[in-house]
Amino acid sequence: MIYRPVLVLIFLFAGTTGVRAQEPWQPDHKEMLERYRHAKAMEEATRNTVFRAGVQPHWQADGSSFWYRNVLKDSVLEYIYVQPFAKKKQAAFDHMKLAEALGRVTGRTLDGRRLRISRMELGKSSVALEIDSACYRCDLGKYTCAVADSFPGRRYPRGNFRRSRWQGFSTDRISPDKKWTAFIRDGNVFIRPAGSDASDGEHAVIASAPDNNSATNTAAVQYTHNGTKEKPYGALAWSPDSRYVVGYHINPVEDSSVFYILTSASGTRGQLRSHPYKQPGDPFTTYEMHIFPVGATGAVKVNTEIIDFFDAPRLHWRAGDSRYFTYEKVDRGHQRFRIIEVDTETATSKTLLDERTETFIYESRIFTEYLPETNEILWSSEKDGWRHLYLVDGITGKVKNPVTSGPWVVRQIDSVDKKKREVWFRASGMHAGEDPYFVHYYRIGLDGKGLVELTPAKGHHTVTFSPDKEYYTDTYSQVDIPPVTALHRTQDGKKIMELEKADASAFFATGMRPVESFVAKGRDGKTDIWGVVCRPSDFDPAKKYPVIENIYAGPQDAFVPKSFMGSFSEMQSMAELGFIVVQIDGMGTANRSKAFHDVCWKNLADAGFPDRILWIKALAAKYPYIDTARVGLYGTSAGGQNALGGLLFHPDFYKAAVASCGCHDNRVDKQWWNEQWMGYPVGRHYEEQSNVTNAGKLRGHLLLIVGESDTNVPPESTYRVINALIKAEKSFDFLPVPGMGHSDGGPYGRIKKRDFFVKHLLGVDPPQRNAGEL
């Protein structure tokens with residue numbers, strides 16, 4: 001049965017007239033079977049029903065034009081060629097004629113409506129293209145094609161690769177002037193002239209100090225003698241002037257292993273597997289910094305702290321003066337970040353920049369860009385309560401000026417133009433009255449002046465720049481508004497033309513309802529909490545529906561969708577069975593103010609629940625068909641921890657939960673994630689907030705799911721919860737999935753999840769699949 005979009009009018013009418021809801025709706029078993037069938041039919045009906053949904057530009061070798069591909073109804077493919085300078089957009093070629101020409105040379109019949117071109121370079125009257133890994137050159141005047149040996153076009157890199165602040169165990173062997181080789185043998189540091197006959201694998205000839213002005217001495221000089229296999233020197237790096245090598249006396253730590261058993265692998269016995277896995281509180285490899293001057297005979301220990309967290313740091317040398325370099329240090333516990341300067345001549349150090357916090361510094365979002373030509377550093381910080389950029393004097397460490405400021409968040413840095421002294425970045429929250437998570441693109445001078453907004457339209461934006469950054473495509477949408485893609489000029493952000501406007505009419509013609517973005521106040525009565533609402537396609541405002549929350553409260557990001565939801569998602573699939581399904585970003589998640597984020601500090605059990613509960617209650621206050629007496633939740637990984645936490649810590653509100661591969665005890669989960677939010681050392685708060693410790697508080701209905709070969713969160717995290725539940729004589733359901741890794745349980749797990757909520761929130765027996773009901 002197809003449900004017509006006229007139902008949307010019924011919904012809008014109900015939402016504004018105060019229609020009184022009936023008693024909690026409960027379908028009978030026969031109707032429930034029909035809902036399962038209908039959900040499956042809607043999944044099929046909505047597949048590939050949104051067209052022209054985005055533009056992926058493929059820039060040509062000259063960088064001044066590009067092509068892109070549209071996906072149309074019935075999987076028809078359309079290729080468009082755009083010349084921004086001429087403000088011209090057209091079909092890249094005659095699709096039917098090109099298919100015929102290719103067919104003549106390949107001996108195959110090709111469908112001009114469905115040519116699968118992976119690469120293409122367009123000329124004035126010709127095209128070079130790649131189809132099925134074969135290359136062709138075609139004349140677009142005569143429409144003749146010939147096989148080509150190779151593809152002539154150029155592939156431009158996508159995205160911006162930023163090097164880690166950590167060097168790791170790499171060794172920089174050859175000096176910048178190519179005269180010297182530094183190497184490790186038997187755990188010790190040697191330097192010898194480059195190009196000599198001495199091999200790093202051979203016994204070193206111990207000689208006096210090499211002459212830095214001559215490479216005639218071929219002997220290797222041994223700089224250290226206390227290195228061993230167990231505690232070697234390593235991670236060597238040369239100064240730009242080839243006068244110094246910086247390295248470390250390393251005390252390696254081998255991470256302990258976690259184990260799991262593949263119960264259903266080949267053979268008649270389960271197979272034991274293990275892998276290294278650092279957990280909170282586990283030790284780190286340490287690095288003691290030394291300098292090895294070329295022309296000396298020994299190492300000089302730098303007067304600085306041992307590096308006991310993360311790997312050896314990347315070094316940043318002062319331009320024109322290799323006497324000084326800086327490195328970055330994050331203290332374990334994530335409450336202090338420093339940029340430290342070292343004087344190679346005196347082997348002393350001083351702190352240039354020192355940031356401390358009472359809560360946490362989000363290490364993976366610390367941004368630094370070194371500007372050696374001007375001895376400056378571009379640095380990100382939340383020191384004023386919002387993530388912003390600052391220009392720092394690289395000599396004194398003093399902040400020269402804020403680059404960005406205000407009650408909004410710098411989300412990501414795209415690039416830094418050192419010549420123009422500009423930074424290109426993404427931000428959210430700058431537009432009053434708009435969803436504060438919508439990403440917009442900007443550029444600004446390093447002096448904090450000349451802010452240019454490149455994406456002013458309301459919505460969540462994704463931008464792709466041309467290789468020379470003269471132009472960009474901007475695709476933007478909202479959860480209930482299909483995407484639009486426009487071409488802009490970068491110089492002033494001026495719109496050149498609209499490229500595509502997505503067509504979602506076929507999607508909505510199936511009866512699908514637009515997802516609603518809903519906002520309500522959080523626990524402080526002031527902060528806006530944002531989420532989305534999915535309703536069944538046959539939604540009836542006279543019924544009172546149970547609510548299911550899709551929860552993931554991991555502090556590393558925010559998770560509520562912001563772009564157009566034009567597909568049959570997991571949430572929509574569950575809604576079709578007769579639920580209102582929601583997703584919410586509560587306090588403790590990222591991409592808002594520092595205070596909003598800080599709620600998670602040593603407090604992961606909070607999971608934003610006070611905000612989530614108020615949000616659902618506000619939704620019910622607006623829509624009487626929301627039944628707050630029947631609320632469930634489900635989640636995976638950290639969401640699995642949160643789902644069970646809802647039942648343990650808020651049993652008066654949440655009545656049923658499905659928790660998949662949850663990190664139920666933060667002492668058992670991976671070190672890097674948990675110490676970032678729960679701090680170091682591991683204190684009593686780890687135990688007090690553990691789902692294992694609190695398992696005896698369980699009320700309501702619980703389904704636990706775990707894959708036996710999970711290498712992300714050890715399966716034992718779930719089994720420890722089960723052990724505690726058994727000891728507490730609690731009732732629960734459990735689904736272990738043989739051979740499965742970190743997952744929500746896969747297709748079968750999703751079946752069991754739906755059946756679980758149908759039984760415990762709708763009060764209906766799910767389909768008897770063994771009896772052939774579905």
Side-chain angles (χ1 to χ4, degrees), residues 43-84 88-159 462 464 466-467 473 475 477 482-485 487 499-507 563-564 566-568:
E43 182 177 8
E44 293 296 324
T46 56
R47 185 171 290 128
N48 301 324
T49 53
V50 178
F51 311 114
R52 304 180 187 275
V55 170
Q56 179 59 63
H58 298 264
W59 288 90
Q60 303 296 272
D62 60 7
S64 63
S65 61
F66 65 91
W67 64 270
Y68 64 91
R69 177 172 58 206
N70 277 327
V71 179
L72 308 179
K73 186 178 180 181
D74 298 325
S75 300
V76 171
L77 302 178
E78 175 185 57
Y79 294 87
I80 304 296
Y81 181 53
V82 180
Q83 296 172 290
K88 190 175 180 180
K89 167 190 165 185
Q90 63 189 45
F93 42 76
D94 185 310
H95 293 59
M96 296 304 177
K97 288 184 178 180
L98 182 62
E100 291 174 4
L102 287 167
R104 288 192 294 270
V105 74
T106 62
R108 296 185 293 150
T109 299
L110 299 178
D111 186 348
R113 300 172 303 164
R114 297 178 178 86
L115 291 172
R116 292 270 173 195
I117 300 173
S118 54
R119 301 172 68 191
M120 181 164 60
E121 189 74 23
L122 286 151
K124 290 184 179 180
S125 60
S126 65
V127 61
L129 49 85
E130 182 181 80
I131 298 180
D132 296 332
S133 300
C135 300
Y136 305 91
R137 294 177 184 272
C138 300
D139 185 317
L140 296 181
K142 301 176 182 178
Y143 276 94
T144 58
C145 293
V147 176
D149 293 333
S150 61
F151 185 80
R154 171 184 171 189
R155 286 188 176 180
Y156 290 102
R158 295 176 184 171
T462 300
T464 301
S466 63
T473 59
T475 300
S477 67
V484 173
T485 301
L487 176 67
L499 294 173
E500 298 295 341
K501 188 172 184 179
D503 178 5
S505 57
F507 177 74
S563 299
F564 180 59
S567 63
F568 198 73

For [X] and [Y], work out which heavy atoms get closest and say how close.
X	Y	answer
Tyr143	Arg104	O-NH2, 2.7 Å
Ala506	Thr49	CB-O, 3.7 Å
Val55	Glu500	CG2-CG, 3.8 Å
Gly54	Asn70	O-OD1, 4.3 Å
Trp67	Met120	NE1-O, 3.0 Å
Thr464	Pro57	CG2-CG, 3.7 Å

Minimum side-chain heavy-atom gap [X]-[Y] below 4.5 Å:
X	Y	result
Tyr79	His95	yes
Ser466	Phe66	no
Val105	Val147	yes
Gln56	Tyr68	no

Quiz prompt | Positive for side chain to side chain contact (heavy atoms under 4.5 Å, CB included) with Tyr136, one of Leu129, Leu98, Val127 | solution =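 Among Leu129, Leu98, Val127, the one that satisfies the side chain to side chain contact (heavy atoms under 4.5 Å, CB included) with Tyr136 is Leu129.
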Exercise. Can you establish whether the number of heavy atoms outside Arg114 located under 6.0 Å from its atom CZ is more than 12?
Key: yes
Under 3.5 Å, side chain of [X] to main-chain N/O of [Y], donor-acceptor pair present?
X	Y	value
Asp503	Ser505	yes
Lys89	Leu499	yes
Asp62	Ser64	yes
Glu121	Ala61	yes
Arg69	Ile117	yes

Quiz prompt | CD-CD distance between Gln90 and Gln83, expressed to the nearest 0.5 angstrom | solution =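 If I round to the nearest 0.5 Å, the distance is 6.0 Å.
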Self-check item: Value rounded to 0.5 Å, distance of OG in Ser567 from CD in Glu43
Solution: 10.0 Å
Quiz item: Would you say the side chains of Glu130 and Ser118 form a donor-acceptor pair under 3.5 Å?
Solution: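 Yes, because at least one side-chain N or O of Glu130 sits under 3.5 Å from a partner of the opposite role on Ser118.
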Practice problem: Please say which of Thr473, Thr475, Thr462 ends up in a side chain to side chain donor-acceptor pair (under 3.5 Å) with Thr485. | Solution: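 Of Thr473, Thr475, Thr462, side chain to side chain donor-acceptor pair (under 3.5 Å) with Thr485 is met by Thr475 alone.
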Quiz item: Step by step, would you call Glu100 with Lys97 a salt bridge (charged side-chain N to carboxylate O under 4.0 Å, His left out)?
Solution: CA-CA 5 Å; Glu100 291 174 4; Lys97 288 184 178 180; over 6 Å; no
